[in-house]
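Note on naming: letters A, B, ... go to the chains in the order of the sequence lines (proteins, then strands), and numbering restarts at 1 for each one.
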Amino acid sequence: MARYTPAEIEARWQEAWSRDEIFKAVRTADKPKYYVLEMFPYPSGRIHMGHVRNYTMGDVIARYKLATGHNVLHPMGWDAFGMPAENAAMAIGGHPKDWTYGNIKDMRDQMKPLGLSIDWSREFATCDPEYYGQQQALFLDFLEAGLVYRKNAQVNWDPVDMTVLANEQVIDGKGWRSGAEVERRELTQWFFKISDMAGELKDALDGLENWPAKVRLMQENWIGESRGIEIPFQRTDGDGTILCYSTRPDTMRGASFIAVSPDHPVSKALEGSNPELTAFIEDCRKMDTTEAAMEKAEKKGIDTGLRVKHPVYEGVELPVWIGNFVLMDYGTGAVFGCPAHDQRDLDFARKYDLPVRNAFYMPGDETEVGTEALVPAKTEKVVYIDHFTGITEATSQQGIDATIDYFEANNRGTGQTKYRLRDWGLSRQRYWGCPIPVVHCDACGVVPEKKENLPIELPYDVSFDVPGNPLDRHPTWRDVACPACGKPAKRETDTMDTFVDSSWYFARFTAPDAKTPTDIEDAAYWMNVDQYIGGIEHAILHLLYSRYFARAMRITGHLPQGTEEPFDALFTQGMVTHEIYQTRDEKGRAVYHLPEDVTDGKLADGTEVEIIPSAKMSKSKKNVVDPVNIISAYGADTARWFVLSDSPPERDVEWTAAGAEAAFKHLTRVWNLCDRIGAMDKTAKGEGDQDLLRAMHGCIHDVTIGIESFGFNAAIAKLYAFTATLQKSKASHAAQREAVMTLAQLMSPMTPHLAEDIWAHQGGDGLIATAPWPKADEAMLVSDTVTLPIQVNGKRRAEITVPADMPKEEVEKAALADQAVIRTLDGASPKKIIVVPGRIVNVVV
RNA sequence: GCCCGCGUGGUGGAAUGGUAGACACAGGAGACUUAAAAUCUCCAGGCAGCAAUGCCGUGCCGGUUCGAGUCCGGCCGCGGGUACCA
């Protein structure tokens with residue numbers, strides 16, 4: 001008997017696919033198109049199991065769609081700009097470009113043995129000048145269309161390394177390399193005006209029916225639409241007004257202070273006038289720029305000494321404070337504090353001894369607020385105290401609406417819909433990114449580069465021995481003639497956020513060699529992405545930016561109408577996790593060990609390891625399994641089968657050596673099965689042909705539904721069961737051959753090489769990859785009897801098998817006649833009998 | 001802090017509001033074998049019981065329902081995101 005030898009089989013079929021170019025995507029009118037895309041990888045140098053899982057899922061969909069008669073586009077590329085390349089250059093020398101392209105080559109070599117149905121002719125990396133040059137062209141068009149602008153924004157500044165730090169590089173407020181206390185610094189930076197589209201980006205979420213509800217909800221909350229009011233508060237010193245934004249103007253009776261951001265013009269004007277205040281503002285500048293750090297930090301403030309008039313109550317004055325919790329980017333950078341009805345304001349008021357005054361009570365309970373703010377749901381009725389609009393008992397929402405109406409009618413404020421979403425800052429003070437194609441000229445100001453000069457390529461001759469952006473220090477790259485006046489000028493040295501690169505790559509795949517960012521006809525044919533697959537960690541930023549970019553590209557004529565939402569369906573898959581093996585060194589510090597060095601909980605020298613529950617595979621914890629090792633030990637089909645089999649795709653999957661071994665054993669069983677059927681007596685009469693074919697059609701039905709609904713693990717469970725049925729079958733050769741060929745087809749999206757081999761063994765026509773997907777015969781799926789569980793008061797007590805079409809009354813009778821039911825009822829007469837046809841009977845007493 | 005998600009046997013997990021634990025791993029028993037490996041067959045949530053069977057059981061507390069792992073409210077734990085990681 002021959003043996004299952006994946007190494008040999010897999011190489012052979014991969015060659016056959018590539019020879020016939022069956023995965024090459026060509027526009028055609030005779031088939032419906034299908035664009036399946038997995039989020040492209042960052043070229044770190046090694047593929048990991050997360051990649052294998054992601055690309056295998058996409059491959060299952062792509063191969064299934066190919067078999068169901070679609071013209072499939074399934075491309076692959078590299079998200080190749082980013083910090084790690086510069087970090088590597090600093091740590092080990094070398095050049096980010098060489099490091100990146102070397103990694104791409106390595107990863108492509110590791111990926112190809114997986115047998116993915118990718119059209120490799122469309123491959124590109126975002127660091128290819130052909131790609132980022134087109135990105136620069138997009139930028140210039142966005143600039144012309146008013147979609148990009150410059151403004152000041154804060155960055156993390158490392159005063160020792162004299163460089164801008166990413167949030168990730170700030171650890172406990174200190175620079176990761178220098179250890180210096182990080183400061184905030186203001187720089188002029190480029191921004192995409194995404195906030196202009198906030199309302200549309202929010203409203204369009206409703207149309208994304210094939211996106212996970214959780215992602216739509218996260219995006220909606222992120223955009224954060226709120227209806228409120230802007231109210232100018234008159235300064236008592238006569239020096240104008242302070243404009244506050246509030247979503248709870250109905251609580252204005254309880255207002256006891258105004259808080260402005262440390263970056264607010266009022267704060268800036270006062271800075272330097274008073275040492276205490278100056279020190280406070282400086283202290284605020286030492287905070288991380290992250291939202292999490294701001295929110296978790298202790299709420300602090302300082303009285304500016306300024307006072308404003310209460311907009312409604314004559315003679316009431318409110319102190320103006322600077323609060324470290326007020327964001328300049330949200331609303332107007334100034335709020336009024338109402339301690340009674342906001343917990344943060346209450347904590348602040350108690351800390352600084354500011355008045356706490358209720359604006360309303362709950363009906364029938366006139367207790368003043370103590371340590372807990374009174375914040376009922378906006379739909380709940382409250383009793384307003386002495387409200388200037390005259391309302392008394394009303395819901396908070398009614399109170400808010402009435403207040404806004406009152407202020408607008410009296411010209412004292414304007415109702416505003418605001419969004420939490422901020423404009424997208426794209427400037428990065430780094431080398432390894434797409435250069436922003438503008439020039440700074442003393443005479444002309446900011447001048448866009450001419451399109452014929454694109455791409456503005458990164459210079460290769462840079463060094464990373466000193467921190468900071470080497471483009472700033474480059475002797476010649478910076479110096480250019482102004483594109484407008486021709487006089488000496490300086491090129492912008494900031495590069496673009498890598499999220500820009502990944503916000504339109506899906507469109508570029510439709511025409512990767514076009515001399516413009518896209519080819520409108522190719523885009524019209526291939527867009528939208530029918531199925532997008534990637535990690536949940538991208539639920540907000542990457543997906544929101546891509547949605548914005550599709551709109552901006554549509555406005556600037558780079559995408560056709562109807563592509564505003566570029567991803568018709570989205571699937572977010574879970575991570576691949578593994579146990580962590582740890583020992584301690586003599587100082588008690590954790591030492592991690594690779595899974596291949598641990599057997600039965602022990603190292604080679606017998607030392608016991610501590611086992612820490614599964615976590616996302618990461619190099620630092622050494623809980624990584626290299627797909628390359630798995631493929632060389634068991635073959636790609638085993639790796640593919642395992643990552644799909646054990647967990648629902650949206651959840652994390654734990655990699656276990658035993659699981660991989662089991663997957664391999666199963667594939668061997670299937671291969672042996674094919675071998676046995678091939679050797680059968682072709683003329684002998686068999687037994688149970690009908691039963692086998694019935695099971696086969698059931699399997700076709702279940703697996704098809706499983707694949708279409710991303711229930712890969714459930715589909716695989718059905719395939720296990722059907723394999724067991726086939727193994728035990730005594731049916732004729734013809735029936736068994738049909739069954740094993742169908743089994744191969746149903747497995748082919750998951751284990752394409754093994755499936756091809758079985759297909760060829762059994763004399764199938766052509767390649768299984770292009771054979772039409774089997775269809776379940778409906779007549780074979782229905783059964784004439786049905787087994788119903790019988791509950792008494794919701795507890796299962798018995799089951800009966802009855803004809804499938806038995807009328808309800810007969811089913812009731814049959815249920816009540818059952819011995820176990822009679823015993824349980826013990827003479828009691830049923831009050832009600834619920835018969836759910838084909839499902840269950842519940843007898844209620 | 002805030003937003004989102006998840007929590008089911010020894011383990012990964014299955015279950016359109018309708019028999020909780022499919023399928024698989026690990027485990028146990030047996031067959032084959034001189035033996036082992038491989039392969040095959042069977043058993044298997046917990047407690048009690050020879051068994052029939054009974055009781056308990058989907059993180060915790062409460063609710064809706066004839067019926068809740070599933071829906072609702074409140075907690076606890078873990079994970080993702082938090083705008084310069086990708």
- Item | Shortest side-chain distance from A/R669, nucleotide among B/C40, B/A86, B/U82 | B/C40
- Query: Hey, is the side chain of A/N713 poking within less than 4.0 Å of OP1 or OP2 on B/A14, counting only N and O atoms?
  - Reply: yes
- Query: Any N or O donor-acceptor pair linking the side chain of A/Q189 to the base of B/C84 at under 3.5 Å?
  - Reply: yes
- Query: A/E799 has an atom CD; how far is it from atom P of B/G18, in whole Å?
  - Reply: 17 Å
- Message: With syn defined as a glycosidic angle within 90° of 0 and anti as the rest, where does B/G10 land?
- Response: anti
- Task: Could you give the distance separating B/C71 and B/U64 at their C1' atoms, to the nearest angstrom?
- Result: 8 Å
- Note on the structure: Among B/A14, B/C66, B/U19, the one nearest any side-chain atom of A/P648 is B/A14
- Member of A/Y545, A/F549, A/F499 meeting the ring-ring contact (aromatic ring centres under 6.0 Å, His included) criterion with A/F192: A/F549
- Ignoring hydrogens and angles, does a donor from either the side chain of A/E650 or the base of B/G5 sit under 3.5 Å from an acceptor on the other? no
- Rounded to whole angstrom, note down the C1' distance from B/A31 over to B/C66. 49 Å
- Query: Counting side-chain heavy atoms from C-beta on, which of B/G13, B/A86, B/A20 comes nearest to A/F499?
  - Reply: B/A86
- Taking only the side-chain heavy atoms of A/L217 (C-beta and beyond), determine which of B/G5, B/C85, B/C84 contains the nearest atom. B/G5
- Given RNA chain B, 5'-ward residue of the pair A/G659 and A/P41, judged by closest heavy atom: A/G659
- Scanning all shown strands, the Watson-Crick or wobble mate of B/U16 with both distances under 3.5 Å is none
- Item | Any-strand Watson-Crick or G-U partner of B/A24, both distances under 3.5 Å | B/U11
- Item | Side-chain ion pair, A/D423 and A/K193, N-O less than 4.0 Å | no
- Query: What distance, rounded to whole Å, do you find between the two C1' atoms, one in B/A26 and one in B/G13?
  - Reply: 14 Å
- Query: When rounded to the nearest Å, what value does the distance between C1' atoms of B/A68 and B/C61 take?
  - Reply: 16 Å
- Message: Check this one for me: any side-chain N or O of A/S645 less than 4.0 Å away from OP1 or OP2 of B/A24?
- Response: no
- Indicate the ring-plane relationship of A/F571 and A/F710, choosing parallel, tilted or perpendicular according to the 30° and 60° boundaries. parallel
- Give a yes/no on whether any side-chain N or O of A/N221 is located under 4.0 angstrom from OP1 or OP2 of B/C4. yes
- For A/K214, answer base if it contacts any base atom (sugar-phosphate contacts may also be present), sugar-phosphate if it contacts only those atoms, and nothing otherwise; contact means non-hydrogen atoms under 4.0 Å. sugar-phosphate
- Query: What integer number of Å spans the C1' atoms of B/G77 and B/A29?
  - Reply: 39 Å
- Out of B/G18, B/C4, B/C25, which has the shortest distance to the side chain of A/A662? B/C25
- Query: P atom, B/G79 versus B/C72: distance in rounded Å?
  - Reply: 25 Å
- Quote, to the nearest angstrom, the P distance that separates B/A24 from B/G18. 24 Å
- Task: Just compare B/C84, B/A86, B/G1 and give me whichever is closest to any side-chain atom of A/E537.
- Result: B/A86
- Query: If you measure from the C1' atom in B/G46 to the same atom in B/A35, how many Å do you get, rounded?
  - Reply: 39 Å
- Does a donor on one side chain and an acceptor on the other come within less than 3.5 Å for A/R547 and A/Q219? yes
- Mate of B/G1 where both pairing distances stay under 3.5 Å, Watson-Crick or G-U: B/U82
- Considering Watson-Crick and G-U wobble pairs with both distances under 3.5 Å, what does B/G77 pair with? B/C6
- Query: Would you say B/G57 has OP1 or OP2 under 4.0 Å from some side-chain N or O of A/K795?
  - Reply: no
- What about A/R651, does its side chain sit under 3.5 Å from the base of B/C6 through a donor-acceptor pair? no
- Message: For a quick test of reading the model: is some side-chain N or O of A/R797 closer than 4.0 Å to OP1 or OP2 of B/G54?
- Response: yes
- Message: Rounded to whole Å, please give me the gap between NZ in A/K665 and P in B/A37.
- Response: 11 Å
- Does B/G69 pair with anything, Watson-Crick or G-U wobble, both distances under 3.5 Å, and if so, with which nucleotide? none
- Query: With a non-hydrogen cut-off below 4.0 angstrom, is A/V215 in contact with a base, only sugar-phosphate, or nothing?
  - Reply: nothing
- Task: Have a look at A/L421 and say if it touches a base, only the backbone sugar-phosphate, or nothing, with a 4.0 Å heavy-atom cut-off.
- Result: base
- Measure the distance from NZ on A/K808 to P on B/C66 and round it to the nearest whole Å. 15 Å
- Message: Need one value for A/K728: base, sugar-phosphate or nothing, where a base atom within 4.0 Å counts as base even if backbone is also close, heavy atoms only.
- Response: sugar-phosphate
- Query: Hey, which of these two, A/G794 or A/E295, hits RNA chain B nearer its 5' end, going by closest nucleotide?
  - Reply: A/E295
- Using a heavy-atom cut-off of under 4.0 Å over every strand shown, decide if A/H666 touches base, sugar-phosphate, or nothing. nothing
- Message: Counting only Watson-Crick pairs (N1-N3 plus N6-O4 or O6-N4) and G-U wobbles (N1-O2, O6-N3), all under 3.5 Å, who is the partner of B/C32?
- Response: none
- Item | Under 4.0 angstrom between A/Q791 side-chain N/O and B/U19 OP1 or OP2 | no
- Atom of A/W190, atom of A/S427 and distance for their closest heavy-atom approach: N-OG, 2.7 Å
- Query: Would you say the side chains of A/S178 and A/D158 form a donor-acceptor pair under 3.5 Å?
  - Reply: yes
- When the distance from NZ of A/K193 to P of B/A83 is rounded to whole Å, what number comes out? 23 Å
- What is the distance, rounded to the nearest whole Å, between atom CD1 of A/I705 and atom C1' of B/A22? 16 Å
- Separation of B/C4 atom P from A/E220 atom CD, nearest Å, is 10 Å
- Task: Scan every strand shown for a Watson-Crick or G-U wobble partner of B/A48, both distances under 3.5 Å, and answer none if you come up empty.
- Result: B/U53
- Message: Quick test of your reading of the model: are A/E225 and A/K202 salt-bridged, counting only N-O distances below 4.0 Å?
- Response: yes
- Length of the CE-P vector between A/M218 and B/A83, whole Å: 16 Å
- Hey, does the side chain of A/R422 come within less than 4.0 Å of B/A83's phosphate (OP1/OP2), counting only N and O? no
- Item | Ion pair A/E291/A/K296, N-O distance below 4.0 Å | no
- Considering only side-chain heavy atoms of A/A166, which listed nucleotide, B/C66, B/C84, B/C23, is closest? B/C84
- Query: Could a donor-acceptor pair under 3.5 angstrom be found where the side chain of A/Q429 meets the base of B/C84?
  - Reply: yes
- Message: With hydrogens left out and only the distance checked, is there a donor-acceptor pair under 3.5 Å joining A/N167's side chain and the base of B/C84?
- Response: no
- Task: Could you verify whether a donor N or O on one side chain and an acceptor N or O on the other, from A/T188 and A/N152, lie under 3.5 Å apart?
- Result: yes
- Message: Taking NZ in A/K418 as the centre, count heavy atoms belonging to other residues, nucleotides or ligands within less than 6.0 Å. Is the count above 12?
- Response: yes
- Note on the structure: From CZ of A/R184 across to C1' of B/A83 the rounded distance in Å is 14 Å
